[in-house]
Amino acid sequence: MTLPPPAAFDAAHAARGDKPRFFDDPAVDQLMSLVLALGTELAVTRERLDTVERVLEEAGGLSRQAVENYRPDAAAKSDRARLHQEFLRRFLRGILQEQERLAAADAPSPQVP
Amino acid sequence: VTRHAVFPEGNHDEAARFSFLAQLNHCIQTKVFPGNRAAWEKRVRPRFLAEQGREPTDRQEIAPYMERDLHYQTWSSLRRNLMEMRHENGRALVLRQLADLNARARALNAQSPRLELDPELGMPSYLTARDIHCMPGGYHTELQADDISAAANYDAGTYVVTAGMLGPLNDGAGRSIVAWFREHQPQFSPRRILDIGCGMGLNALPLAKAFPQAEVIALDAAAPLLRYGHARAVSLGVNNVRFVQQDAEQLAFPEASFDLVTTAMFWHETSAEALPRILAEVRRVLAPAGLHLSLEQPTYRGMPAYDAFIRDWDGANNNEPFWGALHEMNMVDEMVRAGFERERCFETEFVGQLAPELASESGMDQGRDFGRGGTWYGFGAWA
């Protein structure tokens, strides 16, 4: 299988308008976009591997086209949704734990600068 | 998602990326979003009270305080990145097969009397000044002849940010308008319907199906949406919709030529200058006893300051420049200024038409997309 020719247009082209910055240090904004892209690609790779495993299991062999053409049934979709939600819990662990601490706090706590 | 002839098919990894982004969106909305209120209640509001000695009176006072909060910053960054990644994946998927998609649309659109494009039409500045909701190139940019890329990308990725809540055809808003008629105006039987800012006709088609005797004019300024919308309608077997390219500020229809004029999530993508002109046009083209009915995001009027603040996130952060100003406007006053009689104006609510089968397939519950799920705000007026 060969890769398709490169796209004539850049899909990552930015939208016209101001780009908001959320963190005090712009490097954190940059880092967030890197981490989220990495996390997404990891999830995509995990799903591709899941497809490979299922195709292998079903066919007793492997063809790349079979992976490409694989369409998950309802049960596989549901398994994958759970897979992603479990991954997201690990992925967002730091944020969610901080949130839990905050929600459990009785007294207001000063924010770390 | 229900496939139709111009729906762009993703390959394995593109589909997996969308699937993951939909899960990520769901996680951000249901798991991370509630932390904003906790941050507000537990540490930001106390700081505001300590510094100001009183409660905040409006969302603008809350903004500089919340913008310094780490959780709000993180949630904002997650959400903005999600929007950008959704469009990057959608565009990559569409652009690599654009020639084929455009050819498929061209075949369905050729010589159709129900697609009227105006290549000379200038785009309203509210569509060109910024790319609304971070969609590169906006609705109007054409990369090839007979281009549909903007619409194809928008359609392919919509379920990522709505978690399937708009249904397999992404037409939940239109079905909510139809449900409104069944509940409030079961006898209403329009012969000519104008849907302004129709986009790809997501909401015009449910109206056309609900009123099969009517002719529906689906109107937008951007040609890629209309080409895609027409091809999609043909493919779905809906034949009483005519897709027309016009500027809503200067409609080319005679006075009193429609029984019903609808919009769905349209006004917040216009501007303070355009809105009164478009409303005046709506009044002008409505026949006596005709109805104007609009579906929108909830108004901020009467909303607690924190809720208005958090809802306003999209304005600055998702490229929706008119979002905040619109939601603070009194639309009844605006309709009166446009020529409607005050006692014939009303505000109303549209009940969301959820798609449980789709929600369960994706493993998602029916959580609110902070307001996008349950109900929509509505307003309208009888001519």
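Each chain gets a letter, A, B and so on, in the order its sequence line appears, and its residues count up from 1. The basis for the numbers below is simple: all heavy atoms, side chains too, and nothing from hydrogens, waters or symmetry mates.
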Should the pair A:His84 and B:Phe20 be assigned to parallel (<30°), tilted (30 to 60°) or perpendicular (>60°) ring geometry? perpendicular

Please identify, among B:Cys134, B:Ser77, B:Gly138, the residue contributing the most non-hydrogen atom pairs under 4.5 Å to chain A. B:Ser77

Can you find a pair of side-chain heavy atoms, one from A:Thr40 and one from B:Asn89, that are under 4.5 Å apart? no

State, with a plain yes or no, whether a side-chain heavy atom of A:Asp24 is found less than 4.5 Å away from one of B:Gln73. yes

If you draw a 6.0 Å radius around CZ in B:Arg54, do more than 12 non-hydrogen atoms from other residues or ligands fall strictly inside? yes

Which atoms of B:Ser149 approach chain A - backbone, side chain, both or neither, heavy atom under 4.5 Å: neither

What part of B:Met85 gets within 4.5 angstrom of chain A, counting heavy atoms only: side chain, backbone, both, or neither? side chain

side-chain contact (heavy atoms from CB on, under 4.5 Å) assessment of B:His26 paired with A:Gln85: CA-CA 9 Å; B:His26 181 68; A:Gln85 287 301 333; 3.8 Å; yes

Taking NZ, NE, NH1 and NH2 as the nitrogens, is one of them in B:Glu67 or A:Arg21 under 4.0 Å from a carboxylate oxygen of the other? no

Would you call A:Glu47 and B:Ser19 a side-chain contact if the rule is heavy atoms closer than 4.5 Å? yes

Looking at CG of B:Asp69 and CZ of A:Phe22, how far apart are the two atoms once the value is rounded to the nearest 0.5 Å? 13.5 Å

Side chain / backbone / both / neither for B:Ala39 at chain A, heavy atoms under 4.5 Å: both

Can you check side-chain contact (heavy atoms from CB on, under 4.5 Å) on B:Lys31 and A:Ile95, steps first, answer last? CA-CA 10 Å; B:Lys31 304 272 196 317; A:Ile95 296 164; over 6 Å; no

State, yes or no, whether a side-chain contact exists between A:Phe23 and B:Leu70 at a heavy-atom distance under 4.5 Å. yes

Could you tell me if the side chain of B:Thr128 sits less than 4.5 Å from the side chain of A:Arg16, heavy atoms only? no

Taking B:Leu21, B:Asn319, B:Asp13 one by one, which has the highest count of heavy-atom pairs under 4.5 Å against chain A? B:Asp13

Could you go through B:His12 and A:Arg64, starting from their C-alpha distance and side-chain angles, then the distance that decides it, and tell me whether this counts as side-chain contact (heavy atoms from CB on, under 4.5 Å)? CA-CA 11 Å; B:His12 181 281; A:Arg64 288 206 187 194; over 6 Å; no

Looking at side-chain heavy atoms only, is the closest gap between B:His71 and A:Gln99 below 4.5 Å? yes

Taking side chain as everything from C-beta outward and backbone as N, CA, C, O, which of these in B:Ile28 sits under 4.5 Å from a heavy atom of chain A? Side chain, backbone, both or neither. neither

Between A:Ala75, A:Gly17, A:Pro72, which shows the greatest number of heavy-atom pairs under 4.5 Å with chain B? A:Gly17

Quick check on B:Gln144 against chain A: is it the side chain, the backbone, both or neither that has a heavy atom closer than 4.5 Å? side chain

Go through the steps for A:Glu41 and B:Arg17 under the test side-chain contact (heavy atoms from CB on, under 4.5 Å), then give the verdict. CA-CA 7 Å; A:Glu41 295 315 302; B:Arg17 207 170 282 118; 2.9 Å; yes

Counting only non-hydrogen atoms closer than 4.5 Å, does B:Arg80 touch chain A with its backbone (N, CA, C, O), its side chain (CB onward), both, or neither? side chain

Atom group of B:Glu84 that falls short of 4.5 Å from chain A, counting heavy atoms: side chain

So, taking the atom named CG in A:Leu92 and the one named SG in B:Cys27, what distance separates them when rounded to the nearest 0.5 Å? 4.5 Å

